[in-house]
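Remarks on the structure that follows.
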Amino acid sequence: MKFFLDSANFKEIEEAHSWGVVSGVTTNPSLVSKEKGPFDEIVKKICNLMPDCPVSVEVLSTVSGGMVEEAHRLAALADNVVIKIPMGAEGLKAVHRLSTEGKKVPCNVTLVFSANQALLASRAGAAYVSPFIGRIDDIGWDGTDLVKNIMNIFTCHELDTKVIAASIRHPLHVEQVAAAGAHIATVPFSVLGQMSRHPLTDLGIERFLADWGKTRQEERI
Ligand code: G3P
């Protein structure tokens with residue numbers, strides 16, 4: 001399973017990229033609204049920070065014609081832009097047009113909450129689908145089960161749309177969607193940090209340094 005960073009924050013993106021574990025970035029209007037500066041400049045800078053990695057940027061229009069127009073405009077900002085399109089009939093129409101007409105634009109269908117939505121998005125031509133795990137758990141259903149279902153269906157029908165487990169809230173979600181076979185998990189920076197830490201690792205380092213200091217303090221470089 002690959003990791004994408006779910007963020008529009010330059011510092012977080014630069015730091016996560018330096019760890020060598022992140023293969024893409026996903027943004028959404030809520031994440032971009034937390035950052036300063038014109039939208040297009042933010043998109044260009046993120047794409048520049050992560051060259052050769054897909055950067056998902058979401059359209060704001062709610063009708064297919066507007067989504068297609070916005071998608072072409074945003075896709076012209078950088079070569080690695082992927083267009084996030086909200087699920088629904090208008091979204092499907094937009095994805096179909098963007099994947100078949102003129103200059104093709106890769107789409108990530110977002111706000112997916114059922115396997116049927118994922119199946120439709122894939123058939124319409126989506127390069128990625130994003131089931132929202134945390135928001136499903138929030139309403140008392142099981143987000144990980146949804147990822148399992150989608151993976152089974154996509155495997156069974158040999159669909160090549162990549163599944164991005166999104167709305168990841170904690171490290172256990174990451175392990176669960178990895179075990180469910182998700183191609184990608186898009187993870188907030190805070191969760192990436194939590195994944196890297198363990199109290200026994202910290203304690204282990206502390207003990208090693210303390211033991212070393214007892215007899216070999218002077219040998220430290
Ligand atoms: O990638 C989608 C994600 O950003 C949504 O997360 O935590 O707002 O449900 P959340």
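Just so you know, ligand 1 is whichever comes first in the structure, and atom 1 is the first atom listed for that ligand. One-based numbering along the sequence shown.
For atom 2 (C) of ligand 1, the closest non-hydrogen atom of the protein is Phe132 CZ, 3.3 Å. Considering only non-hydrogen protein atoms, atom 7 (O) of ligand 1 sits nearest to Arg169 NE, 3.0 Å. The protein non-hydrogen atom at the shortest distance from atom 6 (O) of ligand 1 is Ser167 CA, 3.4 Å. Of the protein's heavy atoms, Arg135 NH2, 2.8 Å lies nearest to atom 8 (O) of ligand 1. The single protein non-hydrogen atom nearest to atom 4 (O) of ligand 1 is Asp6 OD2, 2.5 Å, given as residue, atom name and distance.
Each of Asp138, Ile133, Asp137 was compared with Arg135 under the side-chain contact (heavy atoms from CB on, under 4.5 Å) criterion, and only Asp138 meets it.
No salt bridge links Glu14 with Lys11; every basic N to acidic carboxylate O contact stays at or beyond 4.0 Å. Under the 4.0 Å criterion applied to side-chain N and carboxylate O atoms, Asp211 and Arg216 are not assigned as salt-bridge partners.
By the criterion of a heavy-atom distance under 4.0 Å, the side chain of Asn28, and not its backbone, is placed next to ligand 1.
With sequence neighbours left out, the side-chain hydrogen bond (donor to acceptor under 3.5 Å, both in side chains) criterion links Gln194 to no other residue.
Considering backbone and side-chain atoms alike, Thr26 places every N or O at 3.5 Å or more from each N or O of ligand 1. The shortest N or O to N or O distance between Thr186 and ligand 1 is not below 3.5 Å.
The ring-ring contact (aromatic ring centres under 6.0 Å, His included) pairs that include a residue from residues 146-185 are His170-His173, where partners are two or more places apart or lie in different chains.
Thr26 and Ser56 form no side-chain donor-acceptor contact under 3.5 Å, judged by distance and modelled atom types alone.
Panel note: side chain Glu35, backbone Ile42; no donor-acceptor pair is recorded below 3.5 Å.
If you number the atoms of ligand 1 from 1 as listed, the ones under 4.0 Å from a heavy atom of Ala166 come out as 1 (O), 2 (C).
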